[in-house]
Structures are given as C-alpha cells and as structure tokens.
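Read the structure below first, then the notes.
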Amino acid sequence: MITARIKDIDLKFETDHMLFSPSAIDAGTLAMLSVVDFKPGDRVLDLGCGYGAVGILAAKLVGEENVVMCDVSRRAVEYARKNALLNGVPHIGIQCSDGYAQVEERDFSIILSNPPYHADFSVPKRFIEGGFKRLALGGRFVMVTKRLLWYKNKLTTVFGGVRVYEINDYYVFVAEKRTSSVKKKEKPSNGLSKKLQRKQQRYQNKAKA
C-alpha cells in the first residue's frame, strides 16, 4: 500500500509488482502534477493511468464525473478501479484502451501522460497527435519524460508551441491547443522563396510583353 499527499490531498494506492512504479509514486508523475492547476469544470483524461494516481487526484479536485482514465494493461485498469473505490471516487470512467482507441469522450481541457519513453517514439507520437484531436480549444496537453529534443520538436510541430519545465531530471511539457488545426508551412513553388517567385514572375511578364 502506497500513501501520498499531493496538492494537500491524502491518497492511498494498492499496487502490484507488475505495474509501473509499484513502491512509490513515480518522481516524473509528481513533477508533472507540480505544474498542473486543476480548476472546477476541467475535463481530464489520464492517458496511461497505471494504478491511478493522476486521475484519482484529479477526480478529488474537479469531480469524478469529469475524469476519464485509461491504460492498455488490464491489470493496471483493475488496480485503478480498486484505488478509485479506495479513495472515494468510484464513478471515474476507467477504460482498458490502447491509447485513445476505446475512449469515446472528447473536448478534454487537460490530457496528462507519463508515456513509456525508454522504448521507441511510436507510443508518444500517437499520444501527442491524438491528444490534439481530443482536446477542446484552449485545452492543455501535459507530458513528462526524461528526454527533451524529440518531444519538444514533436509537440511544437503539432501544437505550434510548447512550454518546457525541467524538474528533478525530468522534462514536463505543456502544450495548449490554440486552433482547431495546425497550420502547415506553405512550401515554396518549385523550391523557390516567395521573393524569388515574384522576381521570376516579373521576368516572365516582360518576356510575354
């Protein structure tokens, strides 16, 4: 049994040695939570919830009806449900889902994730791209990893910008959805810049005269 006090909320969790960080709340998760302010009315998705620390804390602060939790591991989902009951928020929506696949809800105001960053980038890539689509305008995508460059570049590409916090050897990324789609940079015609395109057009007009 783990006990923790986060944002002045006392929490307790049953865990299993097969789950991520079974003996204490992960330091990266705590770093991520330290930069997030939960407000009344927030709709929160805990993406890759493990045994439930993030989503259960959120439910205590914004109401269990406003929180969804999911994980690809059935064992993790089983413990998340146990811990939701243990902490007095049994009505959180908890799904066994590979990323967003089984999550029907949309228009979240916050999506939080501590992804498996020791493997390749395929999982965080799906999480980031899918997160943009599932957030409401003004919503925030929050992710923690121990790696910087790829995540910073990917989040900037998808969201148009990202804030990065370095906390206890972790990087916490906060990206806000400001538009309904990401504007792609216009590619110059024939590989030419707009200035050269105008110059070329003038020459072509003179040749026709």
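Here, residue 1 is the first one in the sequence, and each next residue gets the next number.
Side-chain atoms of L149 and Y151, non-hydrogen and from C-beta on, never get closer than 4.5 Å to each other. Within the 4.5 Å cutoff, no side-chain heavy atoms of F108 are placed close to those of D42. Two residues are said to be in side-chain contact when any heavy atoms from C-beta on lie closer than 4.5 Å; L33 and F38 meet this criterion. Looking at V54 and C49, their side chains never come closer than 4.5 Å, going by heavy atoms from C-beta outward. Side chains of L57 and K7 form a contact here, defined as non-hydrogen atoms less than 4.5 Å apart. Within the 4.5 Å cutoff, the side chain of R75 has heavy atoms near those of the L19 side chain. Between L45 and I110 the shortest side-chain heavy-atom distance does not fall below 4.5 Å. The shortest side-chain heavy-atom distance between V144 and Y165 does not fall under the 4.5 Å cut-off.
Placement of V89 and L85 in two distinct hydrophobic clusters is found when ILVMFWY residues are connected by side-chain heavy-atom separations under 4.5 Å, directly or transitively. Clustering ILVMFWY residues whenever any of their side-chain heavy atoms sit less than 4.5 angstrom apart, transitively, puts L148 in the very cluster that holds V123. A single hydrophobic cluster is not seen to contain both F20 and F127; linkage of ILVMFWY side chains at heavy-atom distances under 4.5 Å, directly or through other members, places them apart. At a threshold of 4.5 Å between side-chain heavy atoms, the hydrophobic network of Ile, Leu, Val, Met, Phe, Trp and Tyr places V72 and M69 in two separate groups.
The side-chain tip of K152 does not point at the ring of F173 from less than 6.0 angstrom away and within 45° of straight on.
In this pair, W150 and F121 present their aromatic rings parallel. The plane angle is below 30°, not in the 30 to 60° band.
Heavy atoms only, all atoms of each residue included: F159 and A175 are closest at CG-CB, 3.6 Å. In this structure, Y51 and P22 approach most closely via the heavy-atom pair CE2-CA, 4.4 Å. Nearest heavy atom pair, residue G55 against residue V67, reads O-CG1, 3.6 Å. In terms of heavy-atom proximity, G50 sits nearest to A80 at O-CB, 3.7 Å. Across all non-hydrogen atoms, the minimal contact from K146 to Y170 is CE-CZ, 3.5 Å. Minimum heavy-atom separation, R106 to R43: O-NH1, 2.5 Å.
To the nearest 0.5 angstrom, N87 atom CG is 5.0 Å from I56 atom CD1. To the nearest 0.5 Å, atom NZ of residue K82 and atom CD of residue E14 are 5.5 Å apart. Separation of atoms NZ (K177) and CZ (R134) is listed at 10.5 Å; rounding is to 0.5 Å. The structure places CD of Q95 at 13.0 Å from CG of D46, a figure rounded to the nearest 0.5 Å.
More than 12 heavy atoms of other residues, nucleotides or ligands shown are found within 6.0 angstrom of CG on D10. Counting heavy-atom neighbours within 6.0 Å of M18 CE, excluding the residue itself, gives a total of 12 or less. Around atom CZ of R74, no more than 12 heavy atoms belonging to other residues, nucleotides or ligands sit under 6.0 Å away.
Using a 4.0 Å cut-off between charged side-chain N and carboxylate O, E129 and K154 make a salt bridge.
In summary, of the residues considered (V62, I92, I111), a side-chain contact (heavy atoms from CB on, under 4.5 Å) with V44 occurs for V62 alone.
If you look at F132 and F141, their ring centroids are not closer than 6.0 Å.
The backbone N or O of P90 sits nowhere less than 3.5 Å from a side-chain atom of R81 that would complete a donor-acceptor pair. A donor-acceptor pair is defined here as one N or O able to donate and one able to accept, closer than 3.5 Å; no such pair exists between the side chain of N83 and the backbone of L86. With S109 contributing its side chain and G139 its backbone, the two residues share no donor-acceptor pair below 3.5 Å.
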Practice problem: Give the C-alpha distance, both sets of side-chain angles, the deciding distance and a yes or no for side chain to side chain contact (heavy atoms under 4.5 Å, CB included) between T157 and L155. | Solution: CA-CA 5 Å; T157 298; L155 284 158; over 6 Å; no
Practice problem: Test S34 against I167 for side chain to side chain contact (heavy atoms under 4.5 Å, CB included), laying out the working first. | Solution: CA-CA 9 Å; S34 73; I167 303 170; 3.6 Å; yes
Practice problem: Evaluate salt bridge (charged side-chain N to carboxylate O under 4.0 Å, His left out) for D120 paired with K125, printing each intermediate quantity in order. | Solution: CA-CA 9 Å; D120 61 28; K125 180 177 183 290; over 6 Å; no
Quiz item: Checking side chain to side chain contact (heavy atoms under 4.5 Å, CB included) for the pair M143/L112: CA distance, chi angles, key distance, verdict?
Solution: CA-CA 6 Å; M143 179 173 275; L112 303 109; over 6 Å; no
Quiz prompt | Steps toward side chain to side chain contact (heavy atoms under 4.5 Å, CB included) verdict (I9, L61) | solution = CA-CA 9 Å; I9 304 291; L61 294 168; 4.2 Å; yes
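Side-chain atoms of S73 and D71 include no donor-acceptor pair closer than 3.5 Å.
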